[in-house]
Amino acid sequence: MAIDTTIAERPVPPKGRLSFPMLILRMIANPVASWGEDFYEEPAVLYRWLGLQTLYVMDPVLIQRILLEDAGSYSKQPLNDDVFGEAIGGGLLNAEGEEWRWQRRLAAPLFRAEEMLRYVPAFASVCTPLLKRWQDSGAGALQRIDRDMTGTTLQALQDTVLGAGLGEDDRGAIQEAGATFLFYSMWKVALTSLRLPPTIPHPGAQKMARAGKKLREIAQKVLASRNGASEGDDLLGRLVTARDPATGDAMPAGLIVDNVVTFLMAGHETTSQALTWSLYLLALFPDWQERVREGVLGLAHDGGIGCDEISKPTLLDAVFQEAMRLYSPAPVLMRRTIAPVALDGIKLNKGATIIIPIYVVHRHKLLWEEPLKFDPSRFSPEAKAGRHRCAYMPFGAGPRTCIGATFAMLEGKTILATLLSRARFELPDGELPVPLARITLRPKQGLTLKVIPL
Ligand code: HEM
């Protein structure tokens with residue numbers, strides 16, 4: 001008998017469409033709980049309120065227009081600055097125009113697919129201390145998987161592209177400050193959505209400011225520790241030796257710090273959530289866990305998994321992608337129109353807010369059959385070939401697409417394969433996790449699983 005692999009819809013979307021003020025209030029608590037049932041059935045939903053226009057776009061054709069074909073009519077600013085500015089300033093994620101192009105060109109060589117493959121052994125090695133700790137805890141011990149994945153992905157980033165000598169205290173401080181910053185960020189998203197200045201006092205504002213400052217202090221410390229050893233083809237080395245193509249000037253110290261914080265934050269938290277949700281789904285559906293484990297053990301040789309195997313479209317790949325469909329680690333993209341635009345008959349003024357709720361796109365009833373069913377066969381090469389490129393977009397799309405996408409895929413799959421080949425994961429009794437969007441998508445109360453070392 002076929003086993004039902006449909007996940008429960010939690011939180012349940014509101015039945016009717018919420019008023020804009022109510023939507024903003026719900027969004028502060030959890031954006032996933034603010035999108036009504038109609039969002040999952042309509043191509044787009046437009047809100048007009050007190051002269052503000054906010055368009056939620058779910059139709060892949062319209063998304064392609066916004067992010068690719070007519071990308072020049074839309075800006076990340078001032079939304080991104082209002083929300084993240086305190087921590088990441090004008091770094092790659094936030095920059096626009098020539099400033100962005102320069103930074104992207106500078107970092108791009110580090111993220112070429114050929115470069116990434118040589119990191120596979122390092123991705124596997126970061127699992128060793130974690131597996132040992134799980135082994136020492138005994139079979140069936142409960143483990144906080146979300147925290148373990150955050151620590152592991154931060155270590156992976158440090159050991160590969162970053163080139164930063166972070167101590168254990170630094171890593172702990174980054175995790176804590178990063179989590180605090182993201183936790184209160186929804187207030188800033190609410191303020192910017194209402195066109196209010198981000199400096200208006202709100203709950204957690206001071207904690208956010210302190211967390212942003214802490215992240216920048218760590219970045220500065222890391223940079224100082226590199227003085228005299230600034231060369232090297234890692235991220236820090238490239239930032240320190242970069243020259244502005246127009247002026248020939250070095251990158252200003254503040255902008256280097258902006259980028260170190262950007263990569264520290266963007267480079268581990270999302271992959272950590274992708275791994276957390278993957279392990280949750282595999283614990284929820286043990287038959288799938290066994291199938292993936294069998295596949296992974298078949299790939300391994302000499303105790304490890306090779307670079308070639310990990311980059312192939314295996315079942316492991318399909319499972320990781322399906323996990324990112326159901327639980328998109330970056331659930332929302334935001335833009336603002338910089339000129340009047342017409343999108344499929346919808347006329348928007350300059351300054352209108354565009355929200356692309358990737359979470360909704362990935363569960364949309366017009367795009368996916370049985371959207372709540374965990375079904376990795378959606379990622380077979382044939383199934384993928386027939387799908388619109390913007391119907392599945394965990395890494396965004398267009399020029400501002402994630403620079404770390406290949407890195408994240410290789411890292412995620414290598415860590416998942418290494419953990420599955422050495423341990424079994426089971427759900428303990430109790431509540432199932434509820435997705436909570438805080439820029440990234442995390443389980444509201446964390447994720448605790450029973451881990452049985454093999
Ligand atoms: C599963 C893991 C990841 C997911 C789901 C993810 C998702 C995304 C998305 C959706 C964007 C586009 C944002 C927008 O258009 O507004 C983005 C941008 C970005 N990501 Fe990732 N990301 C992941 C991993 C990484 C990693 C590993 C790194 C670096 C090591 C990274 C660095 C960045 C940077 C710097 C940008 C800004 C790029 C630009 O604007 O040019 N990300 N990411």
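This one's a predicted model, so the numbers in the text were calculated from it and none came from an experiment. Numbers here simply count residues along the sequence, with the first being 1. For ligands, and for the atoms within them, numbers begin at 1 and follow the listed sequence.
For the side-chain contact (heavy atoms from CB on, under 4.5 Å) with Pro394, the lone residue among His362, Met409, Arg325 that qualifies is His362.
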Contact table ligand 1 N or O to protein N or O, d under 3.5 Å:
unit_1	atom_1	unit_2	atom_2	d
ligand 1	15 (O)	Arg335	NH2	2.8
ligand 1	16 (O)	Lys76	NZ	3.4
ligand 1	16 (O)	Arg335	NH1	3.0
ligand 1	40 (O)	Arg400	NE	2.8
ligand 1	40 (O)	Arg400	NH2	3.0
ligand 1	41 (O)	Trp100	NE1	2.7
ligand 1	41 (O)	Arg104	NH1	2.7
ligand 1	42 (N)	Ala266	O	3.4

Can you check side-chain contact (heavy atoms from CB on, under 4.5 Å) on Phe84 and Lys188, steps first, answer last? CA-CA 9 Å; Phe84 304 113; Lys188 300 262 188 246; over 6 Å; no

Using the side-chain contact (heavy atoms from CB on, under 4.5 Å) rule, take Leu92 and Asp258 through it: C-alpha gap first, then chi angles, then the decisive distance, then the call. CA-CA 8 Å; Leu92 182 58; Asp258 291 349; over 6 Å; no

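Figure legend: Arg335 and Tyr74 shown without cation-pi pairing, the cationic atom not lying both under 6.0 angstrom from the six-membered ring centre and within 45 degrees of its axis.
No side-chain donor-acceptor contact under 3.5 Å links Arg442 to the backbone of Pro435. A donor-acceptor distance shorter than 3.5 angstrom exists from the side chain of Arg10 to the backbone of Leu432, with no hydrogens or angles considered.
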